[in-house]
Amino acid sequence: QVQLVESGGGSVQAGGSLRLSCTASGRTYSSYVMGWFRQPPGKEREVVASIRSDGSIYYADSVKGRFTISKDNAKNTVYLQMNSLKPEDTAVYYCGARSPASRWSQVDAYWGQGTQVTVSS
């Protein structure tokens, strides 16, 4: 089992910045893919960014150039630096972890409890 705990959410005005952190505990594996997802009000969960063990990174088009995902293997922590925030970034942000062979699903991946990010105009 892997436990994920997010922190760093909050309220910010448009144009501001926040940094989310996700610390993993339990049976953590350096090979795991780590990701950030978000669920805006009334919408489905969507991928924001992910990072593989080899350092390769994926960003959703909506956050490219504004968000940066990184990880510190020694601390079992993955970060999401969010700059130039927009009201449409408002959502509950979730951290996820999965093995390279599995999928981003409720069954096949591990998830944190989520942290609220609210961006006001």
Side-chain angles (χ1 to χ4, degrees):
Q1 292 293 327
V2 177
Q3 293 80 42
L4 303 172
V5 178
E6 303 104 333
S7 61
S11 297
V12 65
Q13 289 191 329
S17 299
L18 286 173
R19 188 176 83 154
L20 305 182
S21 299
C22 171
T23 299
S25 61
R27 297 185 65 183
T28 58
Y29 297 99
S30 59
S31 63
Y32 270 31
V33 183
M34 303 297 296
W36 285 99
F37 289 69
R38 66 187 181 187
Q39 187 165 13
K43 297 184 179 180
E44 294 186 352
R45 189 175 298 189
E46 60 186 18
V47 61
V48 175
S50 64
I51 184 168
R52 291 181 173 269
S53 59
D54 63 1
S56 58
I57 289 173
Y58 167 85
Y59 291 108
D61 288 342
S62 58
V63 306
K64 282 181 181 177
R66 300 188 299 122
F67 291 10
T68 302
I69 189 171
S70 62
K71 63 178 180 175
D72 185 332
N73 289 330
K75 296 182 178 180
N76 286 329
T77 299
V78 62
Y79 304 97
L80 185 68
Q81 177 67 44
M82 305 185 294
N83 298 328
S84 302
L85 283 161
K86 305 175 180 180
E88 51 263 42
D89 294 318
T90 295
V92 177
Y93 283 71
Y94 296 91
C95 174
R98 64 170 175 85
S99 69
S102 62
R103 307 169 72 177
W104 290 117
S105 72
Q106 289 296 328
V107 176
D108 293 335
Y110 299 97
W111 299 96
Q113 80 287 353
T115 185
Q116 177 70 44
V117 171
T118 303
V119 184
S120 57
S121 57

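Nothing here was measured: the structure is a model prediction, and the numbers come from that model.
By the 4.5 Å heavy-atom criterion applied to side chains, Arg38 and Ser62 are counted as neighbours. You'll find the side chain of Leu85 reaches within 4.5 Å of the side chain of Phe67, heavy atoms only. When side chains are defined from C-beta on, Arg52 does not count as touching Tyr58, because their heavy atoms never get closer than 4.5 Å. A 4.5 Å side-chain heavy-atom check between Cys95 and Trp36 finds at least one atom pair inside the cut-off. Taking 4.5 Å as the limit, every side-chain heavy atom of Thr68 sits out of range of all side-chain heavy atoms of Tyr79.
Closest of all the heavy-atom pairs between Gln113 and Glu6 is OE1-OE1, 2.8 Å. Contact between Tyr93 and Val48 at its shortest, heavy atoms only, is CE2-CG2, 4.2 Å. Here the shortest heavy-atom pairing between Leu4 and Ala24 reads CD2-CB, 3.6 Å. The two residues Arg98 and Ala109 come nearest to each other via the heavy atoms CB-CB, 4.0 Å. In terms of heavy-atom proximity, Ala49 sits nearest to Tyr59 at CB-CD2, 3.6 Å. For the pair Ser53 and Lys71, the tightest heavy-atom approach, listed with the atom from each and the gap, is CA-NZ, 3.3 Å.
Under a cut-off of 6.0 angstrom, the local environment of CD in Gln13 is sparse, with at most 12 non-hydrogen atoms contributed by other residues, nucleotides or ligands.
Grouping the Ile, Leu, Val, Met, Phe, Trp and Tyr side chains by contacts below 4.5 angstrom, directly or via other members, places Tyr94 apart from Val63. Trp104 and Leu80 sit in two unconnected hydrophobic clusters of ILVMFWY residues. Membership requires side-chain heavy atoms under 4.5 Å apart, directly or through other members.
Here the CG-CD distance, from Leu20 to Gln81, works out to 9.0 Å after rounding to the nearest 0.5 Å. The structure places CE of Met82 at 9.5 Å from CZ of Arg66, a figure rounded to the nearest 0.5 Å. Rounding to the nearest 0.5 angstrom, the gap separating the CD1 atom in Ile69 from the OG atom in Ser50 is 6.0 Å. To the nearest 0.5 Å, atom CE of residue Met34 and atom OG1 of residue Thr77 are 8.5 Å apart. Note: Cys22 SG to Asn76 CG = 10.0 Å, rounded to the nearest 0.5 Å.
A donor-acceptor pair is defined here as one N or O able to donate and one able to accept, closer than 3.5 Å; no such pair exists between the side chain of Tyr32 and the backbone of Gly96.
Remark: Lys86 does not engage Asp89 in a salt bridge, criterion side-chain N to carboxylate O under 4.0 Å.
Note: Trp111 and Phe37 meet the aromatic proximity criterion, with ring centroids under 6.0 Å apart.
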Can Thr90 and Thr118 be said to form a side-chain hydrogen bond (donor to acceptor under 3.5 Å, both in side chains), step by step? CA-CA 5 Å; Thr90 295; Thr118 303; 5.3 Å; no

